[in-house]
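Contents: one structure, followed by commentary.
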Amino acid sequence: MKVRTRFAPSPTGYMHVGGVRTALFAWLIAQQQGGKFILRLEDTDKAREVEGSGDHIMQSLKWLGLQWDEGPDIGGPFGPYKQSERLAIYKEWAQKLVDGGQAYADPYTMAEVEKFRESAKAAKKPFLFRDYRPHDPPKWDGSQPLRFRSEPKTYQWHDEVMGDLSAGEEAIDDFIILKSDGYPTYNFAHIIDDYLMQISHVIRSQEFIASVPKYLNLYEALCIERPMLATVPFVMGPDGKKKLSKRDGAKDILDYAREGYLPETLLNFMATLGWNDGTEQEVFSVKELITKFNLDRVQRGGAHFDEQRLLWMSGSHIRELPLDELYPKTKDFWPPEATKYGDAYKKAVLGLVQERLKFFGELPNLTTFFFKDLAIDMELISNHKQLKKYEKHDLKLLLQQAKQSLEGSDFSVNDLTARLNDLLEQTGEKPAVLFSLIRIATTQAPASPGLAETLAILDRDVSLRRISATLAKL
RNA sequence: GGUCCCAUCGUCUAGCGGUUAGGACACCGGGUUUUCAUCCCGGCAACAGGGGUUCGAUUCCCCUUGGGAUCACCA
């Protein structure tokens, strides 16, 4: 059987990590088996639909590199891939059920159904519509909701992630398959579409697990073979016990793009949130994920979203990238002053800060002093745990001595290193004092990369100019 | 309430009858000629509880507890 997986979101908002992870798993299975990954938009709820969110979802998947082989924009052999364009198909399949006596028109008003529900609740019994199934329902004319006539029974089935599952007949009920507005419900439409689109694995998140018996019942009524089922647990909020939601601050996945995370970081992070390959490996390339991922090592319980871990993983991926590959990815993240500088200069700066960069959005904070003179902040000295013990006058002499030595330098890293070491000996000061002073004078930053390397990039004019400026204030 | 799912350090997890219960993130120390970061070394920290089964349970079974999902003309 050919492997065909699908991601079938409803266009009701932006994508966050929770949703993307399901898509990732489906995509990984397809890649690994040489199968196809299908994108299908489940836009059957006109009320909840959010304008533009279909595009947004596609953009997110594209940024992550989860390209689909068939979908609403590119079509495919089993289209259309938007449920709202498949209404005639659902109607046709519904009619088959009606003809076979396996579906019937629901004669009740919503208020009446609500009453049934309340009385069931008052009796502390679960509400099952089939307890109120009409004896001779009206002929279905399309204006009433159409219900599936279920056949209650117990089920056992295998889930690729959760293992062997079972449920009693209380889980089976007469659910609505076609709404009175003519649109199908998810419960019906996805069954038909998965079948027609020849989906081999249905990979979806946990909220659907309780409905699986209903689907099994429907597959039987329709006489169609069910695909493999895989239920992925939720991603939980960082502190709460609940499923991660937009309310918990779950970010739009494209926010991570805007903040300067690498897509491969997000993929690695989401995959290892609830999955591991059994070894102690934590950092995976996309390629490795494709070969190593498998559904039965996916955790059954929900995992908390941990921003710290994401940050660490992001830094790790950034560090692993060769500078030549890293540099082009940073182009939208440099401070505005950097536009005046050439690629070679920026690339050299990037090389210096690469190891401390967690995401590209940090670039301005880490590098502005390479591009412009910052206002001299004497508090950096007066608050410095070593320098504050010194008299201003002594610091001035020290800095003057440093300046004198640096004036003779060719500003190569080697020469600068040699001179700085000489200064250490001549002055008898600890590096914590001497280097801190020069660093603050030249960068006006509380932290910076190695001193010799920094000075070499700033170069002679800038370095000496900044030292003089600080000297003037001491 | 019915049905169903889940349960190892704070977090992500390894473990599939016998282990000093391992790793990673975070945190705390120490080291690598300043700071920050990287890297290295070390530390802190867990089998929810109770019954079984067994020579032996983190591991298998049951119960309890805790958490979650679902019971829509939402997906």
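A note on names: the letters A, B, ... follow the listed sequences, proteins ahead of strands, and every chain is numbered from 1.
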| message | B:G15, OP1 or OP2 - any side-chain N/O from A:R297 closer than 4.0 Å? | response | yes

| query | Under 4.0 Å: is that the gap between some side-chain N or O of A:H304 and OP1 or OP2 of B:U11? | reply | no

| field | Test of ring centre spacing under 6.0 Å for A:H190 and A:Y215 | value | yes

| Can a cation-pi geometry be assigned to A:K251 and A:Y256, taking NZ or CZ under 6.0 Å from the six-membered ring centre and within 45° of the ring axis? | yes

| Would you say the ring centroid of A:F188 lies under 6.0 angstrom from that of A:F175? | no

Please list, pair by pair, any protein nitrogen or oxygen found under 3.5 Å from a nitrogen or oxygen in nucleotides 72-75 of chain B.
residue	atom	partner	partner atom	Å
B:A72	OP2	A:R117	NE	2.6
B:A72	OP2	A:R117	NH2	3.3
B:C73	O2	A:S180	N	2.8
B:C73	O2	A:S180	OG	2.8
B:C73	N3	A:S180	OG	3.0
B:C74	OP2	A:K179	NZ	2.9
B:C74	O2'	A:D45	OD2	2.9
B:C74	O2'	A:R48	NE	3.2
B:C74	O2'	A:R48	NH2	3.2
B:A75	OP1	A:T44	OG1	2.7
B:A75	OP1	A:K179	NZ	2.8
B:A75	OP2	A:Y186	N	3.0
B:A75	O3'	A:E42	OE1	3.2

| field | is_close_aromatic(A:F371, A:W334), centroid dist under 6.0 Å | value | yes

| note | In whole angstroms, the gap separating C1' of B:C12 from CG of A:L273 amounts to 7 Å

| request: Please report the shortest heavy-atom distance between A:D43 and A:Y183, naming the atom on each side. | output: O-CE2, 4.1 Å

| remark: Residues at least two apart in sequence or cross-chain that pass salt bridge (charged side-chain N to carboxylate O under 4.0 Å, His left out) with A:R319, listed by chain then number, are none

| field | Ring-face cation of A:K246 near A:Y14 (centre distance under 6.0 Å, axis angle within 45°) | value | yes

| message | My understanding is that a pair needs two contacts under 3.5 Å, Watson-Crick or G-U wobble. By that rule, which nucleotide pairs with B:C4? | response | B:G68

| request: Check whether any side-chain nitrogen or oxygen of A:N276 sits under 4.0 Å from OP1 or OP2 of B:A14, and answer yes or no. | output: yes

| Is the Lys NZ or Arg CZ of A:R226 less than 6.0 Å from the centre of A:Y219's six-membered ring, within 45° of the axis? | no

| request: Using only side-chain N and O atoms of A:Q386, determine if any of them is under 4.0 Å from OP1 or OP2 of B:U35. | output: no

| Does A:E151 come within less than 4.0 Å of A:R130, counting only side-chain N to carboxylate O? | no

| query | So which nucleotide from B:U3, B:U34, B:A14 ends up closest to the side chain of A:Q299? | reply | B:A14

| said: Expected output is a numbered-order residue list: members of residues 306-314 of chain A with a heavy atom under 4.0 Å from any atom of RNA chain B. What is it? | reply: A:D306, A:Q308, A:R309, A:W312

| Among the nucleotides B:U3, B:U33, B:A14, which one has an atom lying closest to any side-chain atom of A:L424? | B:U33

